[in-house]
Amino acid sequence: DIHYTHSILHIFNGQLSAMMSLCLFIFIIGAVTSYKNLLGVFNESGLAYTVGTFNVIQWSVIIVGPIFQAARVTKECHQLRRLGLEIAARPYTYSDTPQEELNSFLLYTASTNYSASLIGFPVYPKYILAAIFVFGMVITLTDFPVRWL
């Protein structure tokens with residue numbers, strides 16, 4: 001199962017990663033455009049605000065879905081690595097299993113470093129919220145210039 005996971009991740013991190021990165025770039029452009037259009041609606045009816053809000057939410061969900069899935073895959077792969085170390089740390093639980101098998105499993109899982117990647121960079125869950133926050137601040141601050149005087 002671990003080798004199967006490695007082969008699937010190799011496929012996803014190859015050409016599919018480049019294709020998904022291009023799709024995410026297009027989706028980000030759609031979300032930014034929708035957000036800018038929503039900020040430009042001033043003297044319109046409530047229907048324009050509702051449609052604009054749903055449009056921004058739609059593009060945001062389309063963007064966030066694949067990114068969170070990639071982060072989830074990376075998290076599960078790191079938990080697999082920890083599982084190997086945990087099995088080696090509990091020798092009495094697996095006393096019926098030969099020590100050579102436990103050592104080979106430990107060496108295999110300790111040497112794995114699987115992670116999902118987008119745009120050639122690994123996706124880690126701890127950096128996603130920071131990136132979303134910074135991106136949101138940049139988009140919002142470009143619409144509201146600071147007036148010093």
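Excluded from the calculations below are hydrogen atoms, water molecules and symmetry mates; all remaining heavy atoms, backbone and side chain alike, are included. This chain uses plain numbering: 1 for the first residue, then up along the sequence. The shown structure was predicted, so the numbers you read here are calculated from the model rather than taken from an experiment.
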Those residues at least two apart in sequence (or on a different chain) that pass side chain to side chain donor-acceptor pair (under 3.5 Å) with R72 are Q69
When clusters are formed by joining ILVMFWY residues with side-chain heavy atoms under 4.5 Å apart, either directly or through shared neighbours, do Y49 and I57 land in the same one? no
Run the side-chain donor-acceptor check on residues 18-29: report pairs under 3.5 Å with partners two or more places apart or on a different chain.
| residue | atom | partner | partner atom | Å |
| --- | --- | --- | --- | --- |
| S21 | OG | S17 | O | 2.7 |
| S21 | OG | I119 | N | 2.7 |

Students should find that the hydrophobic cluster of Y124, defined by side-chain heavy atoms under 4.5 Å apart, otherwise consists of Y127
Is there a path of hydrophobic side-chain contacts, each under 4.5 Å between heavy atoms, that joins V61 and V64? no
Taken to the nearest 0.5 Å, the spacing of F54 CZ from T50 OG1 works out to 6.5 Å
Of all heavy-atom pairs linking A71 and P125, the shortest is O-CG, 3.6 Å
Note: A116 and A70 closest approach over all heavy atoms is CB-O, 3.5 Å
Between F135 and V32, the two heavy atoms sitting closest are CZ-CG2, 3.6 Å
In short, I63 meets A31 closest at the heavy-atom pair CD1-CB, 3.6 Å
On a heavy-atom basis, the closest approach of V123 and T74 is O-OG1, 2.9 Å
